[in-house]
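Proteins come first, then strands; the chains are lettered A, B, ... in the order of their sequence lines, and each starts at number 1.
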Number of protein chains: 2
Amino acid sequence: MRTVAAAAGVSHQTVSRVVNGEPGVTDGTRDRVLAAMRSLAYRPGAGARALVRGRTEVVGMVVPHDPGFTFANDHLLRLIGGADTELAARGYGMLLSTRETGGGAASAYRRFDRRRLVDGLLVEAGVGADALPDLAASGYPVVVVGYTHQDVPCVHPDDEAGAYAVTQHLLALGHRRIGTVTGPSALASGARLRGHERAYADARRRLPADLTEPGDFTVDSGYAAAGRLMSRRHPPTALFAFNDGMAVGALRWLREHGRAVPGDVSVAGFDDTAAAGLVDPPLTSVSLHSTDLGRRAAQLLFDLIDERADPPRETVLPGTLVVRASTAPPRGHR
Amino acid sequence: MRTVAAAAGVSHQTVSRVVNGEPGVTDGTRDRVLAAMRSLAYRPGAGARALVRGRTEVVGMVVPHDPGFTFANDHLLRLIGGADTELAARGYGMLLSTRETGGGAASAYRRFDRRRLVDGLLVEAGVGADALPDLAASGYPVVVVGYTHQDVPCVHPDDEAGAYAVTQHLLALGHRRIGTVTGPSALASGARLRGHERAYADARRRLPADLTEPGDFTVDSGYAAAGRLMSRRHPPTALFAFNDGMAVGALRWLREHGRAVPGDVSVAGFDDTAAAGLVDPPLTSVSLHSTDLGRRAAQLLFDLIDERADPPRETVLPGTLVVRASTAPPRGHR
DNA sequence: ATTGTTCACGTGAACGTTCACATCGCGGTA
DNA sequence: TACCGCGATGTGAACGTTCACGTGAACAAT
């Protein structure tokens, strides 16, 4: 920087002003400085700036990295993309840390925590909640994106409304016995279950008993759960899996056992991953608008970092029901 | 740091030694320093370290971000994951920049270039080659991952061998007329085409003429290309699409037009994306081992950064043929 | 007893920015 | 003429590390 200053015949401070686009520099001087910068291939050093300003202009993002669990992939990538465009708009960078599931959630964010190289943290809920209290106490601004969370500001899709829309859609088609394939925990699928039940209630229909089977969000678990549900004395006429992966599994079970979709049984998923549109028949699902989720989370984080008006503890973004060919009126209806 | 030093009754330099795990510190002193660090919640500042060492211990990674092109997603995510585990192992961080396709490839890496906040760059080939010469000249160590590239060290899968394996597999099953659906450019599919042709040559079979149709790696283009190929006077008995997305499109065309897969027509894809295992029937494809690709690229970048023995200009990693249910002997064979 | 060697630790400078403040012209006003 | 105000620019310190030394004590070898 001092070299540039010397070349342009000004002081280092003037160079700084030019670099930061501050006012109070004559056009002539600015041009001379810019020319010197170019000819010396000068690039300002982020380190020194961070040192004196106490800000790195980088935020960390922690995402799970599970090679086996391939379903959430495009959700994740969109989340990252959305957050990054928002960050880029403000000149921030994104330091990404992928975390092997089960590899100790703490380690992933400790990576940033250790040396102060981020101004804040974006955490995808899939990384596991165990490290979050620790994290919240560390003093970093943190936003959780994915599930609802009570200690830390979070932004997540409106699971309840999304599930409500699916069940409402199926009820409107004429289905009365809708089987559900839930997630492994109440945290992961509680809201979706509530939405499902509320749709029944609002339609003044009695919720059929014993038409719920737990899964773990994998294709195989959806396959197994569909088998159990369809073996009931009064099998359901529609299956609502709480994510697309399990819906694909259900689709497979039905095909292998001679049930036509949607002729015999309708199937709906959740998340609207890329695979939803690719399987046969294309899957009715709920889009979570991952890009918006990521973008919103980044905005929230900026509010936290800049200590603007205290941001809401919880931000809920609506999903959108995407009706495809896997749902239709039940056989013999109308 | 000086506060910690005072609290522990030592000099700042001793604290530095403890932080960096350097030798020459008594166990007693070390414990005292560590205790002081903990009680003061001290975390070393990466900025200052980067300032004096001239290294940020962060590398940038540039990936394309195309919401519509959902197929490469899990490839991309695995690439990122692989690179990140390698980086993490050496204490490095990954600064990610997602780039909207067509949004000016230059802008994505300029983000790092502008302020010197990375030690090197990992560039996914999908971001487009236009910015690379510029990039190579910028003085950063750069590794391109994905396609082969002549100006910059690169690591990419062995497309030719992968395609060779697919065609060899189909020929061994008894197919003679194998239709191919290629990518939009020679850059993207030249090697795969060569592998395909070499497999014919090695099997001493004549390559059937006019059984190649271009696509653009989207599902729809695969659908259209399959339609064109199957409308030939002598239609192929097997389709080899140069990525999974187009293979899925082909699958759809065949289903809609009453051809059984693999009964009437076999279908093979390329890349072994998550969707390959999900569609019906599951798709024979070629796994690129994206995680290894990412890891290898990171290793190469470290060689460049540390100026170790000059790394190879081109690193080729073999793919693996994954045979699933979409390929079988042609009707009436054996 | 002297010298040398090793080890633990301290000292001051340097890295490349920004911040707070000082200075220099210059035009206008009393 | 003397003074004020203001906009453009310069000055020195500070940020929190690491680096290249310097120092002193303990101990061994002569």
Side-chain angles (χ1 to χ4, degrees), chain A residues 1-37 40-58 91-93 112-119 139-140 306, chain B residues 1-38 40-58 91-93 112-119 139 306:
Chain A
M1 182 153 159
R2 296 200 140 85
T3 322
V4 173
V10 296
S11 77
H12 61 126
Q13 175 62 1
T14 303
V15 177
S16 172
R17 279 190 261 262
V18 170
V19 167
N20 294 11
E22 284 170 23
V25 181
T26 320
D27 285 355
T29 331
R30 165 164 287 124
D31 288 348
R32 244 179 320 133
V33 171
L34 287 174
M37 280 172 54
L40 292 172
Y42 163 81
R43 289 184 290 255
R49 160 191 278 240
L51 179 57
V52 56
R53 296 235 283 217
R55 281 194 179 194
T56 60
E57 309 221 305
V58 168
Y92 266 63
F112 304 135
D113 190 32
R114 278 264 236 273
R115 340 197 120 264
R116 290 177 309 241
L117 37 64
V118 296
D119 291 345
Y140 278 109
D306 298 343
Chain B
M1 181 153 161
R2 296 200 140 86
T3 321
V4 173
V10 297
S11 78
H12 62 123
Q13 176 60 2
T14 302
V15 177
S16 172
R17 278 190 261 261
V18 171
V19 167
N20 293 13
E22 285 171 22
V25 182
T26 319
D27 286 353
T29 328
R30 165 164 288 125
D31 289 347
R32 242 177 323 132
V33 171
L34 287 174
M37 280 172 55
R38 240 187 308 274
L40 291 171
Y42 164 80
R43 291 184 289 256
R49 160 190 279 240
L51 178 57
V52 56
R53 297 236 282 218
R55 280 195 180 194
T56 59
E57 310 223 305
V58 168
Y92 266 63
F112 305 135
D113 190 33
R114 277 265 235 272
R115 340 196 120 263
R116 291 177 309 240
L117 37 64
V118 295
D119 291 345
D306 298 342

Problem set entry | Results of side chain to side chain donor-acceptor pair (under 3.5 Å) for B:R55 - residues two or more places apart only | B:D306
For this session: Scan for salt bridge (Lys or Arg N to Asp or Glu O under 4.0 Å) pairs involving residues 23-33 of chain B, sequence neighbours excluded, and state none if there are none.
Result: none
Show me the donor-acceptor pairs within less than 3.5 Å that the side chains of residues 42-50 of chain B make with the rest of the protein, sequence neighbours left out.
unit_1, atom_1, unit_2, atom_2, d
B:R43, NE, A:D113, O, 3.4
B:R43, NH1, A:D113, OD1, 3.2
B:R49, NH2, B:N20, OD1, 3.2

For this session: Could you tell me, to 10°, how much the axis swings from one end of the helix from C:dA1-D:dT30 to C:dA30-D:dT1 to the other, five pairs per end?
Result: 60°
Exercise. Quick one: is D:dG7 close enough that its OP1 or OP2 comes under 4.0 Å of any side-chain N or O from A:T26?
Worked result: no
Seminar exercise, completed: With sequence neighbours left out, the residues meeting side-chain contact (heavy atoms from CB on, under 4.5 Å) with B:R17 are B:Q13, B:T14, B:E22, B:V25
Seminar exercise, completed: A:A7 and A:A36 have their tightest heavy-atom pair at CB-CB, 4.1 Å
Problem set entry | Minimum heavy-atom distance between B:M1 and B:V15, given as atom pair plus value | CG-CG1, 4.1 Å
Problem set entry | Over all atoms of both residues, closest heavy-atom pair of B:L117 and B:T56 | O-OG1, 3.2 Å
For this session: Quick one, give me the B/S/- string for nucleotides 13-23 of chain D, reading 5' to 3', where B means a protein heavy atom under 4.0 Å from the base and S means that only happens at the primed atoms, P, OP1 or OP2.
Result: --BBBBBB---
